[in-house]
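Only this structure's heavy atoms are used, side chains among them; waters, hydrogens and symmetry mates stay out.
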Amino acid sequence: MSGHWRFLRQAVDLAAGNVACGGGPFAAVIVRDGQVIATGCNRVAASLDPTAHAEILAIREACRQLGDFQLRGCTLYSSCEPCPMCLGAVYWARLAEVYFACTRSDAAEAGFDDGFIYAELARPAADRRIAMRHLPLTAAVRPFRAWAEWADRTAY
């Protein structure tokens, strides 16, 4: 079995095992140079943390293992297509590529429908279901100016 298929199967097996232990049906594996760096399983209900998605937990652990907040050269294998939150984390972490087994449609059929979030992202902030109101403060850009002037800042 080739590497991609093997690691993707590992993610699916982890997801199935997580369900058997009372967790959500999602898991992720992060690999660099053919070696597993980190894994994660959905822990949302168990940890009472809506951000405890498998991909997020795997990204956090991989960053700890590698001592870096960027995962350049790493590949994410996920049991399911990453949700909008996890997709954002994939881009912020600078992963090289993502392989997934199930699609967001498969997840929706199982009761995990993120379609409304994709729709909300396309709307102007003022038109979203959760009230989002821009309050322009004169001093609001002060932290960005300080950041721009800070010579020893870490580039993102």
Residue list, side chain to side chain contact (heavy atoms under 4.5 Å, CB included) with C41, at least two apart or on another chain:
L14, N18, A27

Judged by modelled atom types alone, do E81 and T103 share a side-chain donor-acceptor pair under 3.5 Å?
no

Other than F26, what residues sit in its cluster of Ile, Leu, Val, Met, Phe, Trp and Tyr side chains whose heavy atoms are under 4.5 Å apart, directly or through others?
F112

Determine the minimum heavy-atom distance between C80 and A107, stating which atoms define it.
SG-CB, 3.8 Å

Treat each ILVMFWY residue as a node, draw an edge where side-chain heavy atoms are under 4.5 Å apart, and state whether I59 and L66 are in one component.
yes

Can you tell me how far the CD1 atom of I37 sits from the CG atom of L71, to the nearest 0.5 Å?
9.0 Å

Heavy-atom closest pair, residues L76 and A28:
CD1-CB, 3.7 Å

Would you say that C74 contacts V31 through its side chain, given a criterion of any heavy-atom pair below 4.5 Å between the two side chains?
no

Measure the spacing between CG of D68 and CZ of R94 and express it to the nearest 0.5 Å.
10.5 Å

Please determine which of Y91, W92, F69 meets the ring pair (Phe, Tyr, Trp, His ring centres under 6.0 Å) test together with Y156.
F69

Side chain R153, main chain W150, donor-acceptor under 3.5 Å
yes

Identify, with sequence neighbours excluded, every residue that meets ring-ring contact (aromatic ring centres under 6.0 Å, His included) alongside Y99.
H4, Y77

Closest non-hydrogen contact found for C102 with F100 is O-CD1, 3.1 Å

Main-chain N/O of T51 paired with D49 side-chain donor or acceptor, under 3.5 Å:
yes

Where do T75 and R32 land on the side-chain contact (heavy atoms from CB on, under 4.5 Å) test, with the steps shown first?
CA-CA 6 Å; T75 300; R32 185 168 78 179; over 6 Å; no

Return yes if some donor-acceptor pair links the side-chain N/O of E55 with the main-chain N/O of S78 below 3.5 Å, else return no.
no

Given 3.5 Å as the limit, does a donor-acceptor pair link the side chain of R128 with the main chain of R123, or not?
yes

State the CZ-CD distance between F7 and Q35, to the nearest 0.5 angstrom.
7.0 Å

Rounded to the nearest 0.5 Å, what separation is found between the CZ atom of R129 and the CD atom of E120?
5.0 Å

Evaluation steps, side-chain contact (heavy atoms from CB on, under 4.5 Å), between Q10 and T39:
CA-CA 9 Å; Q10 183 177 353; T39 64; 4.2 Å; yes

Quick check for you: to the nearest 0.5 Å, what is the distance between I56 atom CD1 and R43 atom CZ?
15.5 Å

Shortest non-hydrogen separation from P25 to V19 and the atoms involved
CA-CG2, 3.4 Å

Hphob cluster co-occupancy, V98 + I30, side-chain heavy atoms under 4.5 angstrom
yes

If you compare all heavy atoms of D114 against all heavy atoms of C83, which two are closest, and at what distance to 0.1 Å?
OD2-CB, 3.0 Å

